[in-house]
Amino acid sequence: MSKFKKKSQSSQDIPTAALPDIIFMLLFFFMVTTVIREDEILVEQSLPAAEDITKLERKSLVSYLYVGQPKEAKFGTEPLVQANDAFIRMDELILWVTQERDKLDEVDKNQMTVSLKVDKETKMGIVSDVQQELREANALKIMYNTPQLVKDDI
């Protein structure tokens, strides 16, 4: 007779009881730490207020153009046009519209809207030039972003 007993065979299964907890912990971590990317505004933005405004239903069809004086002095003091995160020239607007239109689904391409966020100190000349370039690019849906005018502001 032997003095030592033979150990029973251990289970070969990997314990998975804590796996759902780990997955939910990772999911919550990414939900809390993820930031939705927004454009970095490089121009002054003091928008004029308006009384009669309409809220958009599908913001996914909107592309934004910012017009105003640059915040940094190295870009000068003349108003510039910003698309996405960079300044663009007037002759590049048609290319930008084409690229933005290509990002949309085939069904929604005709419903693309260009939103202009124009600083209230900006001269109308550059805004008129932007409108002409958008017309040449066949981007005919244009809207102007503005906050709601509160009656106390009058």
Side-chain angles (χ1 to χ4, degrees), residues 14 16-154:
I14 299 172
T16 59
L19 194 59
D21 295 337
I22 294 170
I23 290 172
F24 280 114
M25 186 175 65
L26 284 173
L27 179 68
F28 289 135
F29 171 76
F30 287 117
M31 287 174 57
V32 169
T33 59
T34 302
V35 177
I36 296 174
R37 186 177 182 281
E38 294 181 4
D39 291 337
E40 181 182 348
I41 308 296
L42 302 173
V43 296
E44 298 287 332
Q45 288 290 293
S46 175
L47 302 176
E51 286 183 26
D52 191 20
I53 60 173
T54 305
K55 193 169 186 170
L56 284 175
E57 293 180 14
R58 292 185 62 192
K59 289 185 178 180
S60 63
L61 301 175
V62 178
S63 299
Y64 293 94
L65 282 178
Y66 306 94
V67 181
Q69 184 178 358
K71 288 181 179 177
E72 296 182 22
K74 67 180 180 182
F75 295 113
T77 58
E78 292 295 316
L80 295 175
V81 179
Q82 177 190 348
N84 300 332
D85 285 334
F87 293 117
I88 60 171
R89 297 187 314 259
M90 286 296 166
D91 58 339
E92 297 172 337
L93 265 175
I94 294 174
L95 177 65
W96 176 78
V97 168
T98 306
Q99 290 172 345
E100 291 293 313
R101 191 174 287 144
D102 288 342
K103 291 179 185 175
L104 299 175
D105 292 336
E106 192 67 36
V107 177
D108 296 332
K109 285 186 178 182
N110 291 335
Q111 298 186 4
M112 178 183 151
T113 303
V114 176
S115 174
L116 291 173
K117 288 187 170 186
V118 182
D119 185 53
K120 62 182 174 184
E121 299 297 325
T122 303
K123 303 279 186 195
M124 191 60 195
I126 190 168
V127 177
S128 178
D129 292 343
V130 169
Q131 289 174 337
Q132 290 296 327
E133 290 294 321
L134 291 175
R135 186 175 301 155
E136 287 182 25
N138 202 20
L140 302 176
K141 287 187 172 184
I142 300 173
M143 63 173 245
Y144 294 93
N145 244 340
T146 181
Q148 176 82 38
L149 180 66
V150 180
K151 294 292 182 187
D152 295 340
D153 293 345
I154 299 176

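All figures in this text were calculated on a predicted structure; none of them were measured in a lab.
Heavy-atom minimum distance, Pro79 versus Ile126: O-CD1, 3.3 Å. The two residues Ala49 and Thr146 have their closest heavy-atom pair at CA-OG1, 3.4 Å. Of all heavy-atom pairs spanning Pro48 and Pro147, the tightest one is O-CD, 3.4 Å.
The shortest distance between side-chain heavy atoms of Val43 and Lys71 does not fall below 4.5 Å. Under the 4.5 Å side-chain criterion, counting only non-hydrogen atoms from C-beta, Tyr66 is not in contact with Leu42. Here the side chains of Trp96 and Leu65 are in contact, with some heavy-atom distance below 4.5 Å. At a threshold of 4.5 Å between non-hydrogen side-chain atoms, the residues Lys109 and Asp102 count as touching.
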### Query
Could you walk me through whether Ile41 and Lys117 pass the side-chain contact (heavy atoms from CB on, under 4.5 Å) check?
CA-CA 10 Å; Ile41 308 296; Lys117 288 187 170 186; 5.8 Å; no
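The structure places CD of Glu78 at 10.5 Å from OG1 of Thr122, a figure rounded to the nearest 0.5 Å. Interatomic distance, CG of Leu47 versus CG of Asp119, reported as 7.5 Å (0.5 Å rounding). Atom OG1 of Thr98 and atom CG of Leu93 lie 10.5 Å apart (nearest 0.5 Å). Taking NZ of Lys59 as the start and OG1 of Thr113 as the end, the distance is 12.5 Å to the nearest 0.5 Å. Taking CG of Leu104 as the start and OG of Ser63 as the end, the distance is 6.5 Å to the nearest 0.5 Å. Interatomic distance, Leu80 CG to Met90 CE, rounded to the nearest 0.5 Å: 9.0 Å.
When each of Val114, Leu116, Leu56 is tested with Met143 by the rule side-chain contact (heavy atoms from CB on, under 4.5 Å), just one qualifies, namely Leu56. Each of Glu100, Lys141, Lys103 was compared with Met112 under the side-chain contact (heavy atoms from CB on, under 4.5 Å) criterion, and only Glu100 meets it.
Of the possible donor and acceptor atoms, none in the side chain of Asp85 sits under 3.5 Å from a partner among the backbone N and O of Asp39. Using modelled atom types, one side-chain atom of Gln82 and one backbone atom of Asn84 make a donor-acceptor pair closer than 3.5 Å. The main-chain N or O of Met124 is never found under 3.5 Å from a side-chain atom of Ser128 such that the two would form a donor-acceptor pair.
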